[in-house]
4 protein chains.
Amino acid sequence: MARSSTIARVHAAVLELAAEHGPTSLTMEGIASRAGIGKQTLYRSWPGVPAVLFDALLAHGDAPGSDGARADGDLAHQLEDLLVAATEEISTEPHASLLRALAAVIQTDESVAREYRTRLLEPQLAQVHDVLRAAGSSEPERAAELLMAPVVYRWFLRLPPMTTEQLVRHVEDVLALTDRD
Amino acid sequence: MARSSTIARVHAAVLELAAEHGPTSLTMEGIASRAGIGKQTLYRSWPGVPAVLFDALLAHGDAPGSDGARADGDLAHQLEDLLVAATEEISTEPHASLLRALAAVIQTDESVAREYRTRLLEPQLAQVHDVLRAAGSSEPERAAELLMAPVVYRWFLRLPPMTTEQLVRHVEDVLALTDRD
Amino acid sequence: MARSSTIARVHAAVLELAAEHGPTSLTMEGIASRAGIGKQTLYRSWPGVPAVLFDALLAHGDAPGSDGARADGDLAHQLEDLLVAATEEISTEPHASLLRALAAVIQTDESVAREYRTRLLEPQLAQVHDVLRAAGSSEPERAAELLMAPVVYRWFLRLPPMTTEQLVRHVEDVLALTDRD
Amino acid sequence: MARSSTIARVHAAVLELAAEHGPTSLTMEGIASRAGIGKQTLYRSWPGVPAVLFDALLAHGDAPGSDGARADGDLAHQLEDLLVAATEEISTEPHASLLRALAAVIQTDESVAREYRTRLLEPQLAQVHDVLRAAGSSEPERAAELLMAPVVYRWFLRLPPMTTEQLVRHVEDVLALTDRD
DNA sequence: TCTTAAACGAGACGGTACGTCAAGTCTTCGC
DNA sequence: GCGAAGACTTGACGTACCGTCTCGTTTAAGA
């Protein structure tokens, strides 16, 4: 396995490149160069750019929504917090560029898509499930998808993110649907 | 500008390559080679891969939902038809590969994203708006987004597309929300 | 046949390009563009760059040494005048660039070399022959070559041209050889 | 820098291409292809065709006149040997094609001309200087130029090379001039 | 004067080569 | 003998010219 100093340098290089030059700059060549290591050293530990991205994301506290959530708030407030956290995460550097680069690869590589879902998406959705289930929702999966879909959809198509007001309204609506069942 | 036979050959080449080798094979070099034209001929008419993709998509009847829609059906049925059409379009070759390639570029090129929204997304949303507005919906934009978001979200993250039953349920739910207002 | 105005425009374009951007800029594409004519018009009258160069050179008084020669001077002075004229011609724009471009093509195209010898070199040598023959030289061809060779040699290898003093000395030496015979 | 096997393959490719298809075939693309190496490998070690040519020439015993010179012969014979060797070198493949290609570039690229003079011409002239100086010539540079100029002049203009008889006579004449001083 | 054929500008076309960049593999050498 | 450095093959990038080939449009006769 690679030395921990090598790993740290790679992570730092990825974050720097993402923040400075955007998602396009994230190439194996560029990362190795910026980290000051040989290309083979990079390939020895990670098979390609997406693997490095996952590592960098997970290593840098990619636990969205876990911070500052009003654990004691009511159901709606907790969901609002989760969505606000997700919205902020995907629009703040260097996470924004990393996720953007990942999103591009997801489109052309099914295995990356699968890994994204298991390592990043599902943990995030699980939080929403938990809140919904705690509130007695009959179909937490469906409700969670309804909650998250517009957020992801807008980010994916580079539409302006939902404002806080829109998010509040959105949570309210989805909860109304759940109650209706 | 370009001769119509040239354009036709380029479109054919794009569709063939997309169907045969997937989104990754869509390079300017490959398209020119498959179409049997010079690279400069390609670059003279299209600045890059995304431009060729837009042209090929729009030229091949990219008017989703317009075919077979039950224009005389009731509101819910019309919306179901639109969503089913959209779902099928994004999962059927060669459209699937072309859109997938486009989705990848959208992630790293804001101008492509803008062009996608204007030339492909908005016409599609407009159809939904029209149906909703005809039904007296107070907020057709919001409802349309709620309808489309899960479809795009699943496609984008390569989750299995919604089944017809799920789509029917989804339309029903969103309409219930609209009525609730 | 080409219209005279076309020919004139081509000649003008060649001289301008040669003077402004050097020998490298002399391409069929560039000449047509600068002359404001179609490429086919150019190719209709000239098969390639060298042909245009010959035409432009011959049309612009490429009769080196004919001007200002002291026709009544003695033998040595007349030869000096011829060599000085040749030296100046090959180092003054736009002739310098045209000849330089021609020299490049001569290296890779035997037919251009032949045409150069008959249309440009031999007339020039003939002048030297005439003077030498008038002076009773027994081998005017050999003497002419001895006279011209260092001038061409230096120009070809981009060495500094002979100074007037060196030229005078050179003529003197060659004449001494001729007399020696 | 480059691996020695790479360099060897490049040199071989250059000689083969020059001998088979003449100076025109010497392109970076063609050399890389024939050598079975990547273009980037070629560009990493040589900035362009002329650099490759210099290397190939210098690597293949480009020490003209050094072989078979009658070191113990008298002055005239040594000079004749040098000139004969030079004449043969420039008219024998594959050197002929390499030098021809170089000659073309010299016409349009001053830096190549400079490098040619330093790396190929001056060593050759130095040999002539040495012989002349050993013979007590008062102006070895001028005499050397006088000796070489007709040889280069004829080669450059693609005139038939001097016959051995002409060379002998030429050496005799130049020596007579030197003695005259 | 009308017409008709040429010469024309414009530029699309299939190609070849340019020089650069990144991918992923393989080699060399120092610690 | 492991790992950093970097040379390697491959192939796409976008550009410049090449020489050929239509397109309509002048232009300059001859009828």
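Every heavy atom of this structure was used, including side-chain atoms; hydrogens, water molecules and symmetry mates were not. Being a predicted model, the structure only gives us computed values, none of them experimental. Quick note on labels: first sequence line is chain A, next is B, and so on, each numbered from 1.
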Chemist: Under the side chain to side chain donor-acceptor pair (under 3.5 Å) rule, collect the residues that match up with D:Gln40, sequence neighbours excluded.
Modeler: none
Chemist: Between the opening five pairs and the closing five pairs of the helix from E:dT1-F:dA31 to E:dC31-F:dG1, how far apart are the helix axes, to 10°?
Modeler: 10°
Chemist: Provide the full list of ring-ring contact (aromatic ring centres under 6.0 Å, His included) pairs with a residue in residues 22-49 of chain D, sequence neighbours left out, each pair given once.
Modeler: none
Chemist: For C:Arg9, enumerate each residue passing the side chain to side chain donor-acceptor pair (under 3.5 Å) test, keeping only those at least two apart in sequence or located in another chain.
Modeler: none
Chemist: For B:Trp46 and E:dC13, what is the distance between atoms CH2 and C1' respectively, to the nearest whole Å?
Modeler: 13 Å
Chemist: Measure from CD1 on B:Ile31 to P on F:dG14 and round the result to the nearest Å.
Modeler: 11 Å
Chemist: So, OP1 or OP2 of F:dA7: does either fall under 4.0 Å of a side-chain N or O from D:Thr41?
Modeler: no
Chemist: For C:Ala2, report the nucleic acid contact type (base, sugar-phosphate, nothing); a contact means any heavy atom under 4.0 Å.
Modeler: sugar-phosphate
Chemist: Please list all pairs meeting salt bridge (charged side-chain N to carboxylate O under 4.0 Å, His left out) that have one or both residues in residues 23-37 of chain C, counting only residues at least two apart or in different chains.
Modeler: C:Glu16-C:Arg34, C:Glu20-C:Arg34, C:Glu29-C:Lys39
Chemist: Can you build the contact string for nucleotides 23-31 of chain E? Use B for base contact, S for sugar-phosphate-only contact, and - for no protein heavy atom under 4.0 Å.
Modeler: BBBBS----
Chemist: In residues 4-24 of chain B, which residues come under 4.0 Å of DNA chain F by heavy atom?
Modeler: none
Chemist: Is there a side-chain contact (heavy atoms from CB on, under 4.5 Å) between C:Val10 and C:Asp55 once you walk through the steps?
Modeler: CA-CA 10 Å; C:Val10 168; C:Asp55 246 41; over 6 Å; no
Chemist: With salt bridge (charged side-chain N to carboxylate O under 4.0 Å, His left out) as the rule and sequence neighbours excluded, what pairs involving residues 40-54 of chain C come up?
Modeler: none
Chemist: My understanding is that only residues two or more places apart in sequence, or in another chain, count here; which of them pass side-chain contact (heavy atoms from CB on, under 4.5 Å) with C:Ala18?
Modeler: C:Leu26, C:Pro94, C:Ser97, C:Leu98
Chemist: Taking NZ, NE, NH1 and NH2 as the nitrogens, is one of them in A:Arg158 or B:Glu115 under 4.0 Å from a carboxylate oxygen of the other?
Modeler: no
Chemist: Does anything in residues 10-33 of chain B pair up under ring-ring contact (aromatic ring centres under 6.0 Å, His included), and if so which pairs, sequence neighbours excluded?
Modeler: B:His11-B:His60
Chemist: Please identify each residue that fulfils side chain to side chain donor-acceptor pair (under 3.5 Å) with D:Ser111, with sequence neighbours left out.
Modeler: D:Asp109
Chemist: Going by salt bridge (charged side-chain N to carboxylate O under 4.0 Å, His left out), name the residues that satisfy it together with A:Glu93, two or more places apart in sequence or in a different chain.
Modeler: none
Chemist: Within this structure, what is the CZ-to-C1' distance between A:Arg34 and F:dA4, rounded to whole angstrom?
Modeler: 19 Å
